[in-house]
Amino acid sequence: MHPADGVERPREDMGVVAKVIYIDSAGREYAVDAAVGDTVMGAAVKNGVPGIVAECGGNCSCATCHVWVAGEFASAVGPPGDMEEDLLDMGVSERRDTSRLSCQIRVTEALDGLTVEIPPEQP
């Protein structure tokens, strides 16, 4: 509930952000303030993070936004869904236990500080 008027609103409408840290294959870090409710892919694209190609625009159909989620966030992010699982199996160069498509990870307050590595190549 929004405290001013008691109306339920999505958290992203209230300006809540969480920091997401992207690490490229050269070890460079890009820290982004991502709106709660946005996707990890969307935040990367909006902020010009290199390496997140996002050819399909977040429709879970291309795997060009593949990331490796830092181990300490793996359970908070959760496992991939069935469609995402198929794309990860077929479409990424190096599948890891924490591989996810960043278009399928919604930013939440609990993910503040989320760190993801960007593979050196996207499919």
Side-chain angles (χ1 to χ4, degrees):
M1 296 275 215
H2 190 271
D5 57 17
V7 175
E8 191 75 29
R9 290 200 178 88
R11 299 292 294 177
E12 64 267 25
D13 289 348
M14 296 169 48
V16 177
V17 297
K19 186 164 302 299
V20 178
I21 301 163
Y22 304 84
I23 302 173
D24 70 14
S25 60
R28 290 180 294 255
E29 290 189 12
Y30 303 85
V32 168
D33 287 331
V36 167
D38 200 357
T39 64
V40 171
M41 182 217 75
V45 170
K46 286 177 191 171
N47 289 281
V49 175
I52 302 288
V53 179
E55 283 182 4
C56 73
N59 292 307
C60 194
S61 63
C62 72
T64 61
C65 66
H66 174 225
V67 295
W68 299 309
V69 175
E72 63 269 21
F73 285 96
S75 63
V77 167
D82 292 340
M83 196 159 142
E84 181 181 0
E85 189 75 52
D86 290 343
L87 285 167
L88 288 167
D89 281 341
M90 297 182 315
V92 299
S93 54
E94 184 185 344
R95 174 89 191 255
R96 295 183 182 173
D97 289 342
T98 61
S99 284
R100 291 293 311 270
L101 299 182
S102 59
C103 69
Q104 299 302 296
I105 303 171
R106 287 269 167 213
V107 176
T108 66
E109 288 180 80
L111 294 180
D112 188 38
L114 172 66
T115 302
V116 297
E117 288 182 69
I118 303 168
E121 295 178 7
Q122 296 287 8

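Note that the coordinates shown come from a computational prediction; the quantities given were computed from them, not determined experimentally.
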Of the non-hydrogen atoms in Q104 and C60, which two are nearest, and what is the gap between them? NE2-CB, 3.3 Å
Roughly how far apart are H66 NE2 and L101 CG, rounded to 0.5 Å? 7.0 Å
To the nearest 0.5 Å, what is the distance between SG on C62 and CG on L87? 7.5 Å
At their closest point, which heavy atom of R95 faces which heavy atom of D89, and how far apart are they? NH1-OD1, 2.6 Å
Rounded at 0.5 Å granularity, tell me how far CD1 in I105 sits from CD in E84. 7.0 Å
Do Y30 and V107 sit in the same hydrophobic cluster, where Ile, Leu, Val, Met, Phe, Trp and Tyr count as joined when their side-chain heavy atoms come under 4.5 Å apart? yes
Under 3.5 Å donor-acceptor, Y22 side chain and P50 backbone: no
Results of side-chain hydrogen bond (donor to acceptor under 3.5 Å, both in side chains) for E29 - residues two or more places apart only: none
To the nearest 0.5 Å, tell me how far E117 CD sits from R96 CZ. 5.5 Å
Can you check whether V49's main-chain N or O pairs, donor with acceptor, with N47's side chain at less than 3.5 Å? no
Quick check: do R28 and I23 have side-chain heavy atoms less than 4.5 Å from each other? no
In terms of heavy-atom contacts, L88 and S99 come closest through CD1-O, 3.6 Å
Could you tell me the separation between the CE atom of M83 and the OG atom of S61, rounded to the nearest 0.5 Å? 6.5 Å
Looking at K46 and D38, what are the two nearest heavy atoms and their distance? NZ-OD2, 2.9 Å
Would you find a donor on one side and an acceptor on the other, under 3.5 Å apart, between the side chain of T64 and the backbone of A54? yes
Is there a path from W68 to V116 through hydrophobic residues (I, L, V, M, F, W, Y) whose side chains come within less than 4.5 Å of each other? no
With a 3.5 Å distance limit and no angle check, can you tell me whether N59 reaches the backbone of C56 through a side-chain donor-acceptor pair? yes
Should I52 and V67 count as side-chain neighbours, where that means a heavy-atom distance under 4.5 Å? yes
Is the shortest side-chain heavy-atom distance between L111 and V20 below 4.5 Å? no
Looking at CD of E85 and CE of M90, how far apart are the two atoms once the value is rounded to the nearest 0.5 Å? 11.0 Å
Shortest non-hydrogen contact from A43 toward V32: O-CG1, 4.0 Å
